[in-house]
Each structure stands twice: as structure tokens, then as C-alpha cells.
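For reference, the structure discussed in these notes is given below.
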Amino acid sequence: QVQLVESGGGLVQAGGSLRLSCAASGRTFNSYAMAWFRQHPGKEREFVAAIAWSGGSTYYTDSVKGRFTISRDNAKNTLFLQMNSLKPEDTGVYYCAASSLGSTVVGPTTTHPTALYDYWGQGTQVTVSS
């Protein structure tokens, strides 16, 4: 069992930055690939970024490439998402997730990404005003 708790969300103006954190506890954090998802009001949860257990491999959805950076600190059991140049369409609840499938989830998948993750946090709200 892995428990995930997100923090760092808030209200920011367009063009601003936020850094999300996800604290993990329970089973060995560094054995899981990790990811960030987001959910806009009234829409399905969507994939944002993923990172391999070692941190050596990352993958982003096209809409955040060059603006967001996913990273992890295995010594502190923490996942991060640095979000720069934020846009109003980045507004949503952001969730961190853990996958036991390893590096296979760090890239394009034929399966809907949400089905590949075993554990989820409760989410943190990000609101970007125009």
C-alpha cells in the first residue's frame, strides 16, 4: 500500500509558476513509476507527466512540454511538478499517482493512462486566472 498526499496548489495569474509536491508513504517509493494527472471541471482525468523510478526517464503530454518539469527525490519519498508559464487551461485538480508497471508507463500507451496506476492522492486545486 502506498499513501500519496499532494500539496502546493493555489491561485496564480497566467504566466506565473507553481510547484506541486506529492509526499509518499508506505511501500518502497522508489520501486514505482510516478505521474501527475489533472482533471478539469466536468471532464475526464487526463495524463500530464510521468517519471521512471530512477528519475532517468520522463514523458509529458504535448500541451505542457517546455513548461512543466516532473522530478522526484527518492531519498525524501517526494514527487514534484514544477509548472511555469501557466495558462488558464491548466486550471484543474492535480493528482499524483503511482504505478507498479515501471518504465512501461513512461511513454505513449495504448491503454488509457489512468488504468495503469495503482495508487492515487486526493488532489490539489490549481487555478490560473487570465
Side-chain angles (χ1 to χ4, degrees):
Q1 193 77 9
V2 175
Q3 292 79 42
L4 303 172
V5 179
E6 303 93 338
S7 62
L11 173 64
V12 64
Q13 288 189 331
S17 297
L18 281 174
R19 189 190 196 205
L20 304 184
S21 298
C22 173
S25 61
R27 298 187 69 177
T28 308
F29 174 71
N30 62 9
S31 64
Y32 289 88
M34 300 293 296
W36 290 97
F37 288 75
R38 66 187 178 190
Q39 190 163 16
H40 306 289
K43 296 190 176 181
E44 288 188 349
R45 194 169 298 185
E46 65 174 7
F47 170 83
V48 175
I51 187 167
W53 69 270
S54 66
S57 178
T58 58
Y59 180 68
Y60 299 89
T61 193
D62 287 346
S63 62
V64 308
K65 284 180 182 176
R67 300 189 299 122
F68 290 12
T69 302
I70 188 171
S71 62
R72 64 192 295 164
D73 184 339
N74 287 342
K76 296 183 179 179
N77 288 357
T78 306
L79 175 74
F80 303 100
L81 184 68
Q82 178 66 44
M83 304 187 295
N84 299 328
S85 302
L86 282 161
K87 304 176 181 180
E89 52 264 42
D90 294 317
T91 293
V93 178
Y94 282 69
Y95 300 88
C96 66
S99 174
S100 59
L101 296 177
S103 59
T104 57
V105 303
V106 187
T109 63
T110 55
T111 302
H112 195 288
T114 56
L116 303 175
Y117 289 80
D118 306 284
Y119 303 103
W120 295 84
Q122 293 301 305
T124 185
Q125 176 70 45
V126 172
T127 303
V128 184
S129 63
S130 57

Is it true that a side-chain atom of Ser57 and a backbone atom of Ala52 form a donor plus acceptor pair closer than 3.5 Å?
no
Mark yes or no for whether Gln122, through its side chain, and Glu6, through its backbone, hold a donor-acceptor pair below 3.5 Å.
no
How close do [X] and [Y] get, counting heavy atoms only, and between which atoms?
X      : Y      : value
Ser21  : Thr78  : CB-CG2, 4.3 Å
Thr109 : Pro113 : OG1-CG, 4.2 Å
Ile51  : Ser71  : CD1-CA, 3.6 Å
Ser85  : Ser17  : N-OG, 4.4 Å

When Ile, Leu, Val, Met, Phe, Trp and Tyr are grouped by side-chain heavy atoms lying under 4.5 Å apart, directly or through other members, which residues fall in the same group as Trp53?
none
Cluster partners of Phe80, using ILVMFWY side-chain heavy atoms under 4.5 angstrom, listed by chain and number?
none
Tell me whether [X] shares a hydrophobic cluster with [Y], the cluster being built from Ile, Leu, Val, Met, Phe, Trp, Tyr side chains joined at under 4.5 Å.
X      : Y      : result
Val93  : Ile70  : no
Val105 : Phe68  : no
Trp36  : Val106 : no
Leu79  : Trp120 : no
Tyr94  : Leu18  : yes

Flag side-chain contact, heavy atom, 4.5 Å: Tyr95 against Leu4:
no
Any Tyr119 side-chain heavy atom under 4.5 Å of Tyr32 side chain:
yes
Atom pair [atom1]/[atom2] of [X] and [Y] - distance to nearest 0.5 Å:
X     : Y      : atom1 : atom2 : result
Arg19 : Asn84  : CZ    : CG    : 11.0 Å
Cys96 : Arg72  : SG    : CZ    : 11.0 Å
Glu89 : Ser130 : CD    : OG    : 10.0 Å

Who pairs with [X] by side-chain contact (heavy atoms from CB on, under 4.5 Å), at least two apart in sequence or on another chain?
X     : value
Leu11 : Thr127, Ser129
Thr69 : Tyr60, Gln82
Ala14 : Pro88, Val128

Closer than 4.0 angstrom, basic N to acidic O: yes or no for Lys87 and Asp90?
no
Would you tabulate the side-chain donor-acceptor contacts of residues 42-49 under 3.5 Å, counting partners in other chains and residues two or more places apart, or write 'none'?
{"from": "Arg45", "atom 1": "NE", "to": "Gln39", "atom 2": "OE1", "distance (Å)": "3.4"}
{"from": "Glu46", "atom 1": "OE2", "to": "Arg38", "atom 2": "NE", "distance (Å)": "2.6"}
{"from": "Glu46", "atom 1": "OE2", "to": "Arg38", "atom 2": "NH2", "distance (Å)": "3.3"}
{"from": "Glu46", "atom 1": "OE2", "to": "His40", "atom 2": "NE2", "distance (Å)": "3.0"}

Please work out whether the ring planes of Phe37 and Tyr117 are parallel, tilted or perpendicular, with thresholds of 30° and 60°.
perpendicular
